[in-house]
Amino acid sequence: MKIDLAVLDRQFEIHQAEYEQAALKVLRSGWYVLGHEVKNFEKEFAEYLGAKFCVGVNSGLDALTLAVRALGIGEGDEVIVQANTYIATVLAVTENKATPIFVEPNEFYNLDAEKIEDKITEKTKAIMVVHLYGQATNMKKICQLAEKYNLKIIEDCAQSHGAKFQNKMSGTFGIGCFSFYPTKNLGAFGDGGAVVTDDENFAEKIKMLRNYGSKIKYHNEFEGVNSRLDEMQAALLRVKLSHLDELNDERKKIAERYLTGIKNSCIILPKISEGSEHVWHQFVIRSENRENFQKYLEENNIKTVIHYPIPPHLAKCYEYLGYKRGDFPITEKFSDEVLSLPMFNGMTNDEIDYVIEVINKF
Ligand SMILES: *Cc1c(COP(=O)(O)O)cnc(C)c1O
């Protein structure tokens, strides 16, 4: 048996007829950018989350970058960012010339709220939370700190579509920034992203930023960008959104099978924090012997990926920030030990059991 990390055509096949119908409708409509599909998707996704406004953009990175910009955060400002994240979270800060201030994660791979307060200065403007791997972050203390120090909360929800903390959707505690990159739980068939907020003025600002800084065509009020979700992606996302809960439930079943089946003392399984829901964007285990373990899985035709091998503070592009190995030991340990197992909609029980069997023999 040969198992890939993610096989995207399987989830297409689950609802193939609906996708094809939606795509044809757009092709035949004669309207391809900023039309009914985008408007309806924005309305439906906001409703799904329990938020007031959603603005579609071109990618998750753009959602984050425009959110930081629309908050007026820029040069001289500091933003608290989870250290063990994908580089995009940090790029959104530095793209706006602000300074990322890294904070270590907890055992759930999410931001450790206990370590934030020490890093807050007069320059701090926002806390950036990443609901990593699909598990909603415990937002209780983070919201209290934001209130106490008058900070904005920006949530990187690129991996957490539909995950809740205490029955409230991730993306509704602060400004929610979503990616619809094809591998994500709510993945499009190309690039896409969205910013979610309850603040009408803020939503309006993102709408203008994504469209050259204009509300009325050719009346450019500030320097915007071209970052629009297109009609085709929006139409396909509407189909997937209508099935998101069932797709997330399927991932939960795969995770449960892994969690009960994998029995190997060399492997640390993922844990779920109290009050948090996990939608299993990735099923991430840890092993001190990762290199050998990954090689062994490869030899048995099981593909795995490391999310992420180089933490942002050690990335070449951030040499100028002046960090070195040892500055964030927990983050570095995680990046040395984490490994994502195959996890995708349409994965069969035989495939899951094969992965379990191979792992248990390691
Ligand atoms: C995928 C991802 C992004 C970026 O999304 P794109 O749509 O690829 O730009 C940002 N943050 C995290 C945590 C991600 O996983």
Side-chain angles (χ1 to χ4, degrees), residues 5-6 8 41 45 54-69 79-96 100 102-103 105 108-111 126-137 153-163 170-171 173-196 206 209-210 225-230 232-234 236-237 240 248 251 270 278-284 305-313 315 317-318 331 334-335 338 340 343-344:
L5 186 80
L8 296 179
F41 171 72
F45 194 45
C54 165
V55 183
V57 295
N58 192 251
S59 70
L61 173 60
D62 279 2
L64 291 159
T65 305
L66 296 182
V68 171
R69 190 163 308 163
V79 178
I80 305 261
V81 187
Q82 188 169 325
N84 64 324
T85 186
Y86 180 52
I87 196 91
T89 326
V90 189
L91 286 172
V93 176
T94 56
E95 174 68 22
N96 287 295
F102 296 111
V103 171
F108 308 104
Y109 309 118
N110 280 331
L111 189 58
I127 303 173
M128 236 159 169
V129 175
V130 187
H131 307 286
L132 200 69
Y133 306 143
Q135 176 162 208
T137 303
I153 294 174
I154 301 169
E155 298 174 73
D156 183 337
C157 304
Q159 307 188 354
S160 70
H161 318 76
S170 60
F173 291 88
I175 293 154
C177 299
F178 289 84
S179 164
F180 306 127
Y181 183 77
T183 58
K184 313 288 184 181
N185 290 37
L186 179 60
F189 295 78
D191 276 311
V195 179
V196 170
I206 298 284
L209 275 172
R210 77 170 171 189
V225 297
N226 173 356
S227 181
R228 301 172 297 222
L229 182 66
D230 63 68
M232 183 63 82
Q233 299 309 330
L236 296 167
L237 282 166
K240 194 169 280 181
N248 279 343
R251 285 176 182 269
H278 203 319
V279 293
W280 302 103
H281 172 60
Q282 299 294 349
F283 190 94
V284 177
V305 166
I306 299 163
H307 294 106
Y308 300 93
I310 303 168
H313 73 278
C317 66
Y318 287 135
T331 297
F334 287 170
S335 75
V338 292
S340 302
M343 162 66 76
F344 54 90

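Sequence positions, counted from 1, serve as the residue numbers for this chain. In listed order, ligands and their atoms are each counted from 1. What you are looking at is a predicted structure, and each value in this text was computed from that prediction instead of being measured.
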Backbone or side-chain N or O of Ser179 under 3.5 Å from ligand 1 N or O: yes
Residue portion contacting ligand 1 (non-hydrogen atoms closer than 4.0 Å) for Tyr308: side chain
Shortest non-hydrogen contact between Thr65 and Glu95, atoms and distance: CG2-CG, 3.5 Å
Aromatic ring proximity, centroids under 6.0 angstrom, Phe41 and Phe180: yes
Flag if over 12 foreign heavy atoms under 6.0 Å of OH, Tyr318: yes
Under 3.5 Å: donor-acceptor pair, side chain of Gln233, backbone of Phe189: yes
Identity and separation of the nearest protein heavy atom to atom 13 (C) of ligand 1: Asp156 OD2, 3.4 Å
Enclosure of Tyr86 OH (heavy-atom neighbours >12, cutoff 6.0 Å): no
Ring-face cation contact, Phe178 with Lys184, 6.0 Å cut, 45° max: no
Within-cut-off N or O pair, Gly60 and ligand 1, under 3.5 Å: yes
Those atoms of ligand 1 less than 4.0 Å from some heavy atom in Ser59: 7 (O), 9 (O)
Taking atom 2 (C) of ligand 1 as the reference point, the nearest protein heavy atom with its distance: Lys184 NZ, 2.7 Å
Interfacing atoms of ligand 1 (cut-off 4.0 Å, heavy-atom, Gln159): 13 (C), 14 (C), 15 (O)
Ser340 and His307 side chains, donor-acceptor separation under 3.5 Å: yes
Ligand-residue contact atoms, ligand 1 with Ala88, heavy atoms, under 4.0 Å: 3 (C), 4 (C), 10 (C)
Leu61 N/O to ligand 1 N/O under 3.5 Å: yes
